[in-house]
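The structure appears right after this line, and notes come after that.
Quick note: numbers below take in every heavy atom, side chains included, and nothing from hydrogens, waters or symmetry partners. Letters A, B, ... are given to chains in the order of the sequence lines, protein chains preceding strands, and every chain is numbered from 1.
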Number of protein chains: 2
Amino acid sequence: MGSTDRWRQITDAVREAGRMGVAELAALTGASEMTVRRDLEVLAEQGVLERYRGGARSLLLQGEEPPFALRAQEGSETKRRIAAEVAALIADGESVVVDSGTTCLEVARALEHRRLTVMPLSLHAVNALTSAAGLTLLVPGGRPRPGELALTGPLTAASLAALRFDTAVIGCCGLTPADGLTAYDLEDAAVKRAAIASARRVVAVAESAKLSRTALAFVAPASALHVVVTDDGASEEQTAALVAAGVTVRTV
Amino acid sequence: MGSTDRWRQITDAVREAGRMGVAELAALTGASEMTVRRDLEVLAEQGVLERYRGGARSLLLQGEEPPFALRAQEGSETKRRIAAEVAALIADGESVVVDSGTTCLEVARALEHRRLTVMPLSLHAVNALTSAAGLTLLVPGGRPRPGELALTGPLTAASLAALRFDTAVIGCCGLTPADGLTAYDLEDAAVKRAAIASARRVVAVAESAKLSRTALAFVAPASALHVVVTDDGASEEQTAALVAAGVTVRTV
DNA sequence: ACATAACGAACATCTGTCATGTTCGAAAGA
DNA sequence: TCTTTCGAACATGACAGATGTTCGTTATGT
């Protein structure tokens with residue numbers, strides 16, 4: 001598990017340079033060449049890069065997001081702070097649908113000891129909550145996307161359409177006043193829309209870096225959100241623009 | 001993990017005697033009293049027994065089934081043999097719904113490297129299959145029952161009602177020609193019925209001990225099953241009676 | 001075809017984790 | 001009050017996972 005840092009280091013280096021040799025990466029990370037080869041094998045399986053004799057070449061285009069395993073531990077302190085704030089916005093007894101993604105996984109963890117009805121949209125979050133005694137856990141149907149384990153498809157849509165939640169906690173890949181809330185994956189976007197439609201109140205979580213980003217798939221305009229929770233890296237203009245769209249912004 | 005045997009030993013001893021002292025259990029298992037106390041704590045959390053000062057008293061009535069964690073490793077060799085036989089009955093490209101329970105979990109594992117569409121009815125099986133590359137994994141909606149992680153409720157029923165499978169693999173707590181296929185849990189029974197209704201062919205798995213047992217909740221008559229896979233502990237009369245009901249019986 | 005570099009299987013080592021045991025002060029019950 | 005049980009804290013040992021090293025094999029370039 002301690003290899004995650006090195007994986008990120010390698011992923012970033014290869015992505016920047018386009019391709020890189022095993023020896024270079026070994027020097028960069030301070031690990032042996034054998035270890036680098038083993039890492040490259042893992043990353044190649046995850047589809048991050050492609051091996052060739054002597055090194056590896058990046059497969060991640062600028063528009064794509066790195067796989068779940070790599071994002072999971074990034075800026076986890078910030079994510080936990082955001083998650084705690086979201087948890088504070090939710091009252092005992094509420095029913096909550098929690099989106100997929102690493103930030104929302106932290107939200108799910110923050111709800112573990114509460115007394116709620118929770119439907120997570122990712123199996124990672126489901127697994128984090130299966131032994132939570134106090135809460136009623138609901139699993140939506142669907143097809144889990146590899147790695148991410150986000151549930152998508154008609155079964156997910158049907159599960160959401162059958163229910164009405166007090167609050168939806170939605171993650172995103174980009175959120176700007178102009179382009180609204182956007183996601184990398186088309187199917188994910190459809191699920192997010194369904195989740196938003198099934199909830200009375202919508203809370204979006206977005207690390208500040210996402211407030212200047214727009215991804216491929218449009219989900220909803222900023223005005224469809226009631227609360228946005230972000231971190232203190234957000235600029236004045238960004239928060240002001242969201243407030244102007246009628247959104248309550250909470251910075252932690 | 002190596003504590004599972006001792007857990008079963010303690011559970012059985014306490015269930016037989018009604019209640020038992022810590023010192024007695026320590027002598028029985030050969031472990032220290034501290035270890036027995038830690039075990040009792042775990043088992044009390046699982047609802048198997050109740051602690052009192054100096055010992056523990058059984059909470060498992062004769063009609064109840066021990067929790068998943070205790071059944072998981074029981075007779076796993078037999079279960080694997082049964083599972084392999086079931087896997088052999090399924091052709092590539094089929095769609096399969098796999099019931100909850102420890103035997104069916106083995107079936108799910110046996111399908112991991114096949115090219116199929118699989119919908120498991122328990123999160124244990126879902127987790128066992130999330131990294132299976134070849135197969136299309138479908139997750140039904142529902143409320144996971146604690147420990148067992150079997151999905152039940154209206155969402156599960158709706159997920160099953162929306163689909164038609166080639167084969168349903170169904171587990172049971174009891175299966176006799178007279179009483180048909182029975183389960184301990186009422187909600188589980190409803191899910192099993194829905195699974196049977198959604199499949200063209202029904203394969204039931206039942207260790208031979210279950211062929212002389214009847215549980216609380218009726219699921220389906222034996223005649224609703226197409227194939228029963230059991231182990232060689234089944235008696236001639238038992239298999240003959242099933243065959244008379246129009247079932248193909250396979251003994252491994 | 002040959003030489004060289006890269007590869008990966010096998011083994012050795014190290015480290016962190018988990019189950020277990022031991023000790024001892026605290027708490028419950030007689 | 002006294003005895004027994006309990007459980008927190010620490011020590012021990014087994015074990016799994018990660019990393020490094022060695023060496024025979026394989027691929028690539030000249």
Worksheet entry | Close residues, residues 25-32 of chain A, relative to DNA chain D [heavy-atom separation under 4.0 Å] |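 A31(A), S32(A) - these, ordered by number, are the residues of the stretch whose heavy atoms sit under 4.0 Å from the strand.
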Fill in: Close residues, residues 34-48 of chain B, relative to DNA chain D [heavy-atom separation under 4.0 Å]
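Those residues are M34(B), R37(B).
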Determine which pairs satisfy ring pair (Phe, Tyr, Trp, His ring centres under 6.0 Å) with at least one residue from [range], sequence neighbours left out, and list them in order.
| range | result |
| --- | --- |
| residues 79-120 of chain A | none |
| residues 8-44 of chain B | none |
| residues 11-44 of chain B | none |

Side-chain contact test, heavy atoms from C-beta onward, threshold under 4.5 Å: evaluate it for [X] versus [Y] and give yes or no.
| X | Y | answer |
| --- | --- | --- |
| V118(A) | P120(A) | yes |
| V86(A) | T103(A) | no |
| L175(A) | K210(A) | no |

Item to complete: Mark yes when over 12 heavy atoms from residues, nucleotides or ligands other than R81(B) sit less than 6.0 Å from its CZ; otherwise mark no.
Response: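 Yes, the 6.0 Å shell around CZ holds more than 12 heavy atoms from other groups.
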Response to the item:
Each nucleotide of nucleotides 24-30 of chain C classed B (base within 4.0 Å of a protein heavy atom), S (only sugar-phosphate) or -, in 5' to 3' order, makes ---BBS-
Any side-chain hydrogen bond (donor to acceptor under 3.5 Å, both in side chains) pairs touching [range], not counting sequence neighbours?
| range | result |
| --- | --- |
| residues 117-138 of chain B | N127(A)-N127(B) |
| residues 43-53 of chain A | E50(A)-R57(A) |
| residues 90-101 of chain B | D92(B)-R114(B), E94(B)-T167(B), S95(B)-D166(B), D99(B)-K192(B) |

Interatomic distance, [X] [atom1] vs [N] [atom2] [rounded to whole Å]:
| X | N | atom1 | atom2 | value |
| --- | --- | --- | --- | --- |
| M20(B) | dT5(D) | CE | C1' | 18 Å |
| E33(A) | dC7(C) | CD | P | 8 Å |
| R51(B) | dT4(D) | CZ | P | 18 Å |
| Y52(A) | dC7(C) | OH | C1' | 15 Å |

Discussion item. What I want to find out is whether E207(B) reaches R213(B) closely enough, with some N-O distance under 4.0 Å, to be called a salt bridge.
Written reply: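 No.
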Discussion item. Restricting to side chain to side chain donor-acceptor pair (under 3.5 Å), what partner residues turn up for R109(B), sequence neighbours left out?
Written reply: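 Partners of R109(B) by the side chain to side chain donor-acceptor pair (under 3.5 Å) criterion, ordered by chain and then number, come out as E106(B).
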Worksheet item: Mind checking what makes salt bridge (charged side-chain N to carboxylate O under 4.0 Å, His left out) contact with D232(B), not counting sequence neighbours?
Response: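 In terms of salt bridge (charged side-chain N to carboxylate O under 4.0 Å, His left out), with neighbours along the sequence ignored, D232(B) is linked to no residue.
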Fill in: Estimated bend of the helix from dA1(C)-dT30(D) to dA30(C)-dT1(D) (axis per five terminal pairs, rounded to 10 degrees)
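Its terminal axes enclose an angle near 30°.
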